[in-house]
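Here's the structure we're looking at; comments come further down.
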Amino acid sequence: NAGVMQNPRHLVRRRGQEARLRCSPMKGHSHVYWYRQLPEEGLKFMVYLQKENIIDESGMPKERFSAEFPKEGPSILRIQQVVRGDSAAYFCASSELFGKLFFGSGTQLSVL
Amino acid sequence: ILNVEQSPQSLHVQEGDSTNFTCSFPSSNFYALHWYRWETAKSPEALFVMTLNGDEKKKGRISATLNTKEGYSYLYIKGSQPEDSATYLCAFRGQTGANNLFFGTGTRLTVIP
């Protein structure tokens, strides 16, 4: 099954540590989206990437958050110096250009 | 960030009832409207991608309509079954800018046996 793979499924970090979330898109997909789900809320857009390019990062906090999608390897969402408010489920999705999204299983980040 | 609104926020129906919910989106610079179903403990899965005004799509007992001029889409479920219980998300993609996909907050449907 060459679906969207996210890892880890669960990530526990202490305040001030770094969190790295990985997403391998579906085979043949060159577009990756990251969304955050806070408790009792829907999917909030964070960043939209194409291979080696950030297309839209308007939903991502300016500080501490960064994302990349290198030519080789998975897309990475990086959160530096995590705080309790960063605790959430982070979903990655991939698509062909303007196509429907295929979602990964998500990474649940817990900040202690 | 665009405003995509869904109503109602949650809904309880009896098994066998038909139901519908609404997605409102900006009526300008429309490119596509997506519907996804999100079951508990799973990932969202695409139901429909709609691009033309007046589009109607159907998948089994679920169907959707699209009005791009007034900026709304309806999702209908005929004869609801317990397995239809899920959160239904719509997402809007515009023509301008980054052609990004913005989600509404969803309608949480519970079908009571």
Side-chain angles (χ1 to χ4, degrees), chain A residues 1-7 9-10 21 23-26 29-51 53-62 67 69 88-108, chain B residues 1-10 21-26 29-52 55 57 59 64 66 73 86-109:
Chain A
N1 183 354
V4 179
M5 302 298 292
Q6 283 189 254
N7 65 81
R9 288 294 302 271
H10 301 276
L21 288 62
C23 171
S24 295
M26 187 172 277
H29 287 182
S30 58
H31 296 257
V32 165
Y33 304 75
W34 284 94
Y35 293 89
R36 175 163 64 176
Q37 183 199 17
L38 293 168
E40 303 303 318
E41 292 188 22
L43 291 170
K44 298 290 186 187
F45 166 73
M46 297 185 73
V47 62
Y48 168 30
L49 309 110
Q50 201 178 354
K51 285 272 187 188
N53 282 311
I54 295 175
I55 306 297
D56 183 353
E57 57 182 346
S58 60
M60 201 155 63
K62 294 278 188 280
F69 188 15
Y90 292 82
F91 285 89
C92 161
S94 73
S95 75
E96 298 174 331
L97 181 63
F98 303 150
K100 64 183 177 183
L101 268 56
F102 291 81
F103 282 83
S105 302
T107 293
Q108 180 65 51
Chain B
I1 304 286
L2 296 171
N3 204 24
V4 180
E5 295 184 354
Q6 290 188 248
S7 62
Q9 200 169 20
S10 66
F21 1 106
T22 307
C23 172
S24 301
F25 52 86
N29 298 315
F30 175 87
Y31 184 85
L33 192 284
H34 296 210
W35 280 100
Y36 292 80
R37 177 165 66 191
W38 193 358
E39 294 178 70
T40 304
K42 294 187 178 179
S43 306
E45 289 187 356
L47 287 171
F48 306 115
V49 176
M50 308 170 80
T51 55
L52 298 175
D55 244 356
K57 299 264 185 177
K59 188 176 183 179
L66 178 67
S73 175
T87 296
Y88 291 83
L89 299 166
C90 71
F92 168 84
R93 194 190 292 275
Q95 275 191 13
T96 57
N99 301 106
N100 209 338
L101 199 61
F102 294 98
F103 281 83
T105 50
T107 292
R108 189 180 187 121
L109 173 68

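Convention: sequence-line order gives letters A, B, ...; per-chain numbering from 1. Owing to the predicted nature of the structure, the values given are computational and were not obtained by experimental measurement.
The CD atom of A/Gln37 sits 8.5 Å away from atom OG1 of B/Thr87, with the distance rounded to the nearest 0.5 Å. Rounding to the nearest 0.5 angstrom, the gap separating the OH atom in A/Tyr35 from the CG atom in B/Leu89 is 10.0 Å. Summarising the geometry, atom OH belonging to A/Tyr33 is positioned 6.0 Å from atom CG belonging to B/Asn100; distances are rounded to the nearest 0.5 Å.
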Working note: B/Phe103 + A/Leu101, criterion side-chain contact (heavy atoms from CB on, under 4.5 Å); need CA distance, chi angles, decisive distance, verdict. CA-CA 12 Å; B/Phe103 281 83; A/Leu101 268 56; 4.2 Å; yes
CA sep, side-chain torsions, deciding dist, call: B/Tyr36, A/Lys100, side-chain contact (heavy atoms from CB on, under 4.5 Å): CA-CA 9 Å; B/Tyr36 292 80; A/Lys100 64 183 177 183; 4.0 Å; yes
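Heavy-atom neighbours of A/Glu57 CD from other residues, nucleotides or ligands within 6.0 Å: at or below the threshold of 12. For CD of B/Glu39, the number of neighbouring non-hydrogen atoms (other residues, nucleotides, ligands) closer than 6.0 Å is greater than 12. Counting non-hydrogen atoms of neighbouring residues, nucleotides and ligands closer than 6.0 angstrom, the NZ atom of B/Lys42 reaches no more than 12 such neighbours. By the 6.0 Å contact criterion, CD on A/Gln50 is enclosed, its count of non-hydrogen atoms from other residues, nucleotides or ligands being greater than 12.
Counting heavy-atom pairs under 4.5 Å between each of B/Ala46, B/Ser43, B/Ala91, B/Ala41 and chain A puts B/Ser43 at the top. Heavy-atom pairs under 4.5 Å with chain B were tallied for A/Ser95, A/Gly99, A/Gly106, A/Ala89; the largest tally goes to A/Gly99.
Neither the backbone nor the side chain of B/Phe48 comes within less than 4.5 Å of any heavy atom in chain A.
In terms of modelled atom types and a separation under 3.5 Å, the side chain of B/Thr105 and the main chain of A/Gly42 share no donor-acceptor contact.
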